[in-house]
Novice: 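Below you will find the structure I want to go over with you.
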Amino acid sequence: MIAAVALTLGMLAWREQAERARPLVSGSLLPQPRPIADFALTGDDGRPFTRAGLLGRWTVVFVGYTHCPDVCPTTLSRLKAAKARLDADGARLAVLFVSVDPERDTPDHLGRYVRYFDKDFRAVTGPVDALTALGRQLGFVFVTNPGAEGEGYGIDHSAELILLDPKARLAGYLTPPFQAETLAADLGTILRKRVAR
Amino acid sequence: MMTVRILCGALALASMPGHACEGLEVSDARVMESPPGASVLAGFATLRNGGDAPLVIRRADSPDFSAVEFHSLVRRDGLIRMTVDSSLTVPPHGSLAIKSGERHLMLIKPARDFHEGDRITVRLFCSTGTLEVKMPVEKSG
Ligand SMILES: [Cu+2]
């Protein structure tokens with residue numbers, strides 16, 4: 001009898017714990033969100049984009065370039081579909097496309113590119129040095145691949161989605177392949193998380 | 001005698017319109033619509049080889065693009081890397097899936113913007129001739 005009660009209580013405590021920890025379906029959260037230093041990039045409106053632009057909302061960062069034929073458009077489409085599934089909650093989520101191809105991706109071109117997928121998506125780019133430094137903080141990498149795109153070049157890049165909390169801290173990663181359904185579940189999970197002061 | 005037979009064979013192939021990649025069947029062909037002004041589009045399809053020998057597609061082209069390449073995506077050291085393949089091989093009585101996340105037909109420099117509902121013509125060149133494929137443009141996702 002006592003053993004059964006203890007067991008039940010144990011299970012309740014375990015369930016409560018599991019609820020709080022709520023693991024992501026396809027990714028992981030850092031045990032402790034990691035603050036990031038300020039950076040200077042350019043937004044798709046042509047104006048400076050800094051760390052302050054990330055405050056107040058959860059942000060999903062995707063790194064790529066507009067000359068990318070498959071991974072980038074597919075991921076942005078999936079993000080759009082996932083965001084639509086979240087309905088009103090989706091509005092609390094920012095999607096930021098970080099172009100690592102500043103040579104070809106002008107702010108204007110970037111703006112038209114991301115808005116094709118969703119009118120609320122935003123894009124930034126900047127000098128390669130600044131992008132590399134941000135990559136070191138957020139855990140993304142990119143390398144120019146001269147042979148990959150006809151007479152031009154491709155860029156090998158990280159394919160993870162980077163999660164930033166409303167305090168502009170690195171909170172975790174979602175890993176490909178992405179499906180709208182699991183993406184929506186995971187994004188819903190992070191939106192419900194309370195962010196510690 | 002032998003020479004005549006070979007000559008006849010060659011003539012027969014040359015006069016065959018369109019479907020000259022013997023045994024090759026293409027299904028599920030589609031091109032992913034990209035944002036206006038995109039410099040490259042990705043084409044996908046499933047290739048089936050009904051023959052007894054491996055079927056090699058040596059190159060592809062399109063009147064709608066400046067070039068068509070065969071690309072594979074490889075994940076290495078945490079990076080998604082796009083590599084160029086010199087040809088595609090469909091195994092005998094088997095298939096090759098050209099699918100998102102793995103490989104694509106890289107359609108380079110479109111002559112114009114393509115939208116959902118448009119059809120893109122791609123020609124596949126194999127040792128026995130050419131197969132023309134019409135690929136409908138679809139919204140991605
Ligand atoms: Cu490609």
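Every chain is numbered from 1 and lettered A, B, ... according to where its sequence line falls, protein lines coming before strand lines.
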Novice: State the OG-NE2 distance between Ser34(B) and His67(A), to the nearest 0.5 angstrom.
Specialist: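 If we round to the nearest 0.5 Å, Ser34(B):OG and His67(A):NE2 are 11.0 Å apart.
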Novice: Give me the atom names and distance for the closest heavy-atom approach of Ile80(B) to Ala159(A).
Specialist: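 Shortest heavy-atom separation between Ile80(B) and Ala159(A) comes out as CG1-CB, 3.3 Å.
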Novice: Is the number of heavy atoms from other residues, nucleotides or ligands under 6.0 Å of Glu103(A) CD greater than 12?
Specialist: no
Novice: Under 4.5 Å from any heavy atom of chain B, what part of Glu160(A) do you find: side chain, backbone, both or neither?
Specialist: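 Only the side chain of Glu160(A) comes within 4.5 Å of chain B.
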Novice: Examine distances only and state if a side-chain atom of Asn145(A) and a backbone atom of Thr83(B) form a donor-acceptor pair shorter than 3.5 Å.
Specialist: no
Novice: Are more than 12 heavy atoms from other residues, nucleotides or ligands located less than 6.0 Å from atom CZ of Arg112(B)?
Specialist: yes
Novice: Measure distances from Leu73(B) to the heavy atoms of chain A and classify the residue's part below 4.5 Å as side chain, backbone, both or neither.
Specialist: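 Only the side chain of Leu73(B) comes within 4.5 Å of chain A.
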Novice: Please report the shortest heavy-atom distance between Ala42(B) and Pro69(A), naming the atom on each side.
Specialist: CB-O, 3.5 Å
Novice: Please round to the nearest 0.5 Å and tell me the distance separating atom CG of Asp70(A) and atom CD of Glu102(B).
Specialist: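 Answer rounded to 0.5 Å: 10.0 Å.
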Novice: Does the side chain of Met32(B) come within less than 4.5 Å of Ser77(A)'s, by heavy atoms?
Specialist: no
Novice: Provide the closest heavy-atom pair for Asp156(A) versus Met82(B) in the form atom of the first, atom of the second, distance.
Specialist: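 Taking Asp156(A) first and Met82(B) second, the nearest heavy atoms are OD1-N, 3.7 Å.
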Novice: Tell me every residue that passes ring pair (Phe, Tyr, Trp, His ring centres under 6.0 Å) with Phe117(A), counting only those two or more places apart in sequence or in another chain.
Specialist: Tyr113(A)
Novice: Is it true that, when you exclude Arg34(A) itself, more than 12 heavy atoms of the residues, nucleotides or ligands shown sit nearer than 6.0 Å to its CZ?
Specialist: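 Atom CZ in Arg34(A) is not packed in, count stays at 12 or less.
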Novice: Strictly by ring pair (Phe, Tyr, Trp, His ring centres under 6.0 Å), give each pair with a member in residues 24-59 of chain A just once, sequence neighbours left out.
Specialist: none
Novice: Testing the basics here: between Ser100(B) and Thr74(A), what is the closest heavy-atom pair and its distance to 0.1 Å?
Specialist: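 The answer is OG-OG1, 3.6 Å.
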Novice: At a 4.5 Å cut-off on heavy atoms, which part of Arg76(B) comes close to chain A: side chain, backbone, both, or neither?
Specialist: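 For Arg76(B), neither part sits under 4.5 Å from chain A.
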Novice: Kindly work out whether a path of hydrophobic side-chain contacts (I/L/V/M/F/W/Y, heavy atoms less than 4.5 Å apart) joins Leu107(B) to Leu96(B).
Specialist: yes
Novice: Are Phe125(B) and Leu47(B) in one and the same hydrophobic cluster, where Ile, Leu, Val, Met, Phe, Trp and Tyr link if side-chain heavy atoms are under 4.5 Å apart?
Specialist: no
Novice: With a 4.5 Å cut-off on side-chain heavy-atom distances among I, L, V, M, F, W and Y, is there a chain of contacts connecting Ile162(A) to Leu79(B)?
Specialist: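 Per the 4.5 Å side-chain linkage, Ile162(A) and Leu79(B) are not co-clustered.
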